[in-house]
Amino acid sequence: MNPNVDDYIQSQPKWQKELTQLRKIVLASELTEAWKWKAPCYTLDNKNVAMIAAFKNDCVLSFFKGPLLKDPDNVLIAPSENSRTFRVVRFTDVKQIARLKSSLTFLIEQAIEVERSGKQVEVKKGPDDLPAELQAKLKEDPSLKQAFQALTPGRQRAYVMHFAAAKQSKTRTARIEKFTPRILDGKGMNDCVCGLTKKPPGCDGSHSKGS
């Protein structure tokens with residue numbers, strides 16, 4: 001058991017009982033408790049399998065490879081419309097967790113076997129996933145297209161989500177133009193461009209600190 005998780009649960013009075021119960025269910029498996037992204041994470045051979053977390057309106061048990069899990073009780077949902085790999089079970093009452101204990105145990109056991117098998121969630125890729133404005137820009141600027149395609153899938157996805165989130169075409173175009181220099185420089189949206197960060201590749205705000 002990780003002491004950071006103890007502190008995390010203690011800091012969530014609204015969902016303390018629910019988080020404690022979810023933790024017990026997960027720890028009954030062979031998963032190892034870790035502390036990642038400021039939340040409890042459960043791993044198999046140092047590979048991420050599941051997490052528990054508290055939010056304003058609920059708490060969740062989430063699975064990194066959710067789409068690969070069989071869900072006979074239909075309890076798994078995508079946390080957002082842009083989620084392709086994560087699936088979560090949401091709770092607002094400890095009684096819900098008690099009723100679903102067997103289902104949760106089944107999902108956890110599956111998640112372990114999926115991770116052990118090495119299976120990966122297949123994520124659809126292709127031009128149809130890109131906003132029309134970005135497709136147009138990449139078509140008219142071969143250097144931008146080459147630079148965008150050279151980015152890691154995660155960096156590409158972050159840009160696409162940011163561009164597509166704008167409701168108006170002119171706003172999407174403006175966002176693309178704003179980030180074009182970063183893309184050409186091989187940088188992701190949150191990568192450091194000043195060279196001062198102490199936590200590369202991300203930006204830790206060092207550029208804004210006085211010397």
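V114 and V75 fall within a single hydrophobic cluster, where Ile, Leu, Val, Met, Phe, Trp and Tyr are joined by side-chain heavy atoms under 4.5 Å apart, directly or via other members. Both V26 and Y8 are members of a single hydrophobic cluster when ILVMFWY side chains are connected at heavy-atom separations under 4.5 Å. In the hydrophobic clustering of ILVMFWY residues, with side-chain heavy atoms under 4.5 Å counting as a link, I52 and L76 come out together. In the hydrophobic clustering of ILVMFWY residues, with side-chain heavy atoms under 4.5 Å counting as a link, V5 and V94 come out apart. Under the 4.5 Å side-chain contact rule for hydrophobic residues, W15 and V89 share a cluster.
The NZ atom of K137 lies 14.5 Å from the CG atom of L130; values are rounded to the nearest 0.5 Å. The CG atom of L61 lies 9.0 Å from the OH atom of Y42; values are rounded to the nearest 0.5 Å. Rounding to the nearest 0.5 Å places CH2 of W37 at 4.0 Å from CG of N48. Taking CD1 from I9 and CG from L19, the interatomic distance works out to 5.5 Å, rounded to the nearest 0.5 Å. To the nearest 0.5 Å, atom CD of residue Q21 and atom CG of residue D93 are 11.5 Å apart. Note that CZ of F64 is 9.5 Å distant from CD of E115, once rounded to the nearest 0.5 Å.
Counting all heavy atoms, side chain and backbone alike, S29 lies closest to I112 at CB-CD1, 3.9 Å. Across A111 and V49, no two heavy atoms sit closer than the pair CB-CG1, 3.6 Å. When every heavy atom of R172 is checked against every heavy atom of A166, the shortest pair comes out as NH1-O, 2.8 Å. Closest approach of M51 to A39, counting heavy atoms only: CE-CB, 3.6 Å. Closest approach of S62 to F86, counting heavy atoms only: OG-CE2, 3.6 Å. Listed here is the closest heavy atom pair of T85 and P67: O-CD, 2.8 Å.
A heavy-atom distance below 4.5 Å is found between the side chains of S143 and L184. Here the side chains of F91 and L22 are in contact, with some heavy-atom distance below 4.5 Å.
Under the side-chain contact (heavy atoms from CB on, under 4.5 Å) criterion, Q120 pairs with K65, sequence neighbours left out.
At most 12 heavy atoms of other shown residues, nucleotides or ligands fall within 6.0 angstrom of atom CD in Q146. Other residues, nucleotides and ligands place more than 12 heavy atoms under 6.0 Å from the NZ atom of K36. Heavy atoms of other residues, nucleotides or ligands lying less than 6.0 angstrom from CG of D45 number 12 at most.
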- Message: Using salt bridge (charged side-chain N to carboxylate O under 4.0 Å, His left out), reason through R175 and E133 one step at a time and then give a plain yes or no.
- Response: CA-CA 10 Å; R175 290 184 177 185; E133 296 80 5; over 6 Å; no
- Any chance you could lay out the side chain to side chain contact (heavy atoms under 4.5 Å, CB included) test for Q96 and R99, step after step, and finish with the verdict? CA-CA 5 Å; Q96 291 177 287; R99 287 196 301 269; 3.4 Å; yes
- Item | CA sep, side-chain torsions, deciding dist, call: D6, R23, side chain to side chain contact (heavy atoms under 4.5 Å, CB included) | CA-CA 10 Å; D6 294 329; R23 186 189 194 188; 2.6 Å; yes
- Apply side chain to side chain contact (heavy atoms under 4.5 Å, CB included) to the pair K139 and K145, showing each step before the final yes or no. CA-CA 7 Å; K139 186 175 181 179; K145 180 178 180 179; over 6 Å; no
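For residues 138-174, the set of pairs meeting the ring pair (Phe, Tyr, Trp, His ring centres under 6.0 Å) definition, not counting sequence neighbours, comprises Y159-F163, Y159-F179, H162-F179.
Distance alone, capped at 3.5 Å, places no donor-acceptor pair between the R155 side chain and the M189 backbone. The backbone N or O of N57 lies less than 3.5 Å from no partner atom in the side chain of R90, so there is not a single donor-acceptor pair. Under the 3.5 Å distance criterion, the side-chain polar atoms of Q156 are matched with a main-chain donor or acceptor of L151. With hydrogens and angles disregarded, no donor-acceptor distance shorter than 3.5 Å links the side chain of N4 to the backbone of W35.
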Donor-acceptor pairs are to be reported for all side-chain atoms of residues 100-109 against protein atoms at under 3.5 Å, with residues two or more places apart or in another chain.
{"residue": "S103", "atom": "OG", "partner": "D73", "partner atom": "OD2", "Å": "2.4"}
{"residue": "T105", "atom": "OG1", "partner": "K101", "partner atom": "O", "Å": "2.9"}

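Tested against I97 for a side chain to side chain contact (heavy atoms under 4.5 Å, CB included), the candidates K17, E18, K24 yield a single pass: E18.
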